[in-house]
Amino acid sequence: MAKLIAVVTGGAGFLGSHLCDKLLQEEMKVICIDNLLTGSTENIAHLFGNEDFSFIKHDVTNYIYVPGRIDYILHFASPASPIDYLQLPIQTLKVGSLGTHKVLGLAKEKKARFLLASTSEVYGDPNIHPQSEDYWGNVNPIGPRGVYDEAKRFAEALTMAYNRYHGVDTRIVRIFNTFGPRMRLNDGRALPAFVGQALRGEDITVFGDGNQTRSFCYVSDQIEGIYKLLMSNEIEPVNIGNPEEITINKFANEVIELTGSISKIVHKELPLDDPKVRQPDITKAKKVLGWEPKVTRSDGLKMTIDFFKKIISPV
Ligand code: UDP
């Protein structure tokens with residue numbers, strides 16, 4: 001039987017490249033599209049030479065041409081860390097709006113199932129805790145994070161419009177903080193920053209008083225949740241993340257402990273609109289997908305620290 005064909009936009013990024021791996025494991029042919037703005041061919045280097053894998057260097061805000069049949073399209077193209085979207089505000093807005101429009105157009109043309117990578121950022125600095133899918137969020141549209149939050153909110157609206165008006169078969173995943181190998185050491189996120197600083201023996205920069213919380217999901221759990229959603233019949237958004245919540249102070253201390261570092265914590269100014277709390281309510285994912293995370297934060301951290309060690313001091 002002919003293999004199913006999946007397109008992954010942003011396929012050379014952190015999550016996109018792990019998705020390419022997963023879909024290939026599931027015996028699909030994978031076409032990765034990426035303009036390499038924040039992605040890297042290093043993340044997919046191991047896939048070149050696999051006859052089921054192909055790579056197209058392309059910016060999905062422009063018309064996308066892919067010949068032949070497509071069964072699934074997973075739209076993961078976007079800068080996705082606070083530093084990236086602060087430095088690339090227009091590109092972030094364009095890929096969430098124009099890019100999502102182009103990719104939905106491709107899905108409509110090919111009659112492919114479309115999955116949008118959305119984000120917990122649609123909840124903004126939330127007034128409801130933990131965040132469930134029926135919460136509409138508290139987003140500052142004109143703040144620095146607005147370029148990402150509003151682009152993803154628009155992308156969700158456009159996805160639902162293509163579903164309702166054009167009958168495109170769509171899925172929306174709201175991704176909460178996820179970590180693991182292939183994160184960029186300098187993407188400005190807490191985890192690569194802390195691990196890099198700890199391994200180099202530098203001060204660990206905690207923003208604000210460090211009492212803000214996040215809930216960190218290991219990448220293999222995240223990918224499994226996304227795959228289960230892709231294969232499900234759920235049209236409306238589903239949160240995928242690890243509900244175990246931790247303060248950033250405690251998280252920094254865990255990194256120090258697990259790296260055996262001599263680093264000390266220093267506090268820096270809290271970025272504007274930095275959410276005070278974040279924790280996914282995963283009741284829906286458990287019920288509809290039969291999914292919940294399996295990897296503990298400490299096991300995930302150990303695997304991620306090993307990855308960063310090889311980058312910082314390759315042997
Ligand atoms: N953070 C920090 N030090 C850093 C980078 C981030 O204290 O070097 C904080 C950041 O202000 C936020 C939390 O860690 O409160 C998680 O930040 P991250 O950039 O990983 O993701 P976010 O959840 O804010 O999108």
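Both backbone and side-chain heavy atoms feed into the values below; hydrogens, waters and symmetry mates do not. Just follow the structure's listing: the first ligand is 1, and inside any ligand the first atom is 1.
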**Prompt:** If you measure every N/O of Gln197 against every N/O of ligand 1, is any gap under 3.5 Å?
**Reply:** no

**Item:** Residue selection (non-hydrogen contact nearest atom 17 (O) of ligand 1) among Ala190, Ala252, Gly208
**Value:** Ala190

**Prompt:** Is it the side chain, the backbone, both or neither of Glu269 that has a heavy atom closer than 4.0 Å to ligand 1?
**Reply:** neither

**Request:** Give the atoms of ligand 1, by number and element, whose distance to some non-hydrogen atom of Glu121 is under 4.0 Å.
**Result:** 25 (O)

**Message:** Residue-level breakdown please: for Arg278 versus ligand 1, do any non-hydrogen atoms fall below 4.0 Å on the side chain, on the backbone, on both, or on neither?
**Reply:** side chain

**Complete:** Checking Tyr218, Phe307, Phe308 against Phe179 for ring-ring contact (aromatic ring centres under 6.0 Å, His included), the one that qualifies is Tyr218

**Message:** Once you restrict to heavy atoms under 4.0 Å, what part of Arg189 touches ligand 1? Side chain, backbone, both or neither.
**Reply:** both

**Prompt:** Phe251 near ligand 1, heavy-atom distance under 4.0 Å?
**Reply:** no

**Request:** Before accepting this row, confirm whether a basic side-chain N of the pair Lys276/Asp125 lies closer than 4.0 Å to the acidic partner's carboxylate O.
**Result:** yes

**Fill in**
Near Asp274 (heavy-atom distance under 4.0 Å), the atoms of ligand 1 are 10 (C), 11 (O), 12 (C), 15 (O)

**Sub-4.0 Å heavy-atom contact, Pro82 with ligand 1** = yes

**Contact with ligand 1 for Gly188, non-hydrogen, under 4.0 angstrom** = yes

**Asked** Quick one: which ligand 1 atoms are inside 4.0 Å of a heavy atom on Thr205?
**Response** 2 (C), 3 (N), 4 (C), 7 (O), 8 (O)

**Asked** Under 4.0 Å from any heavy atom of Val206, which atoms of ligand 1 are there?
**Response** 7 (O)

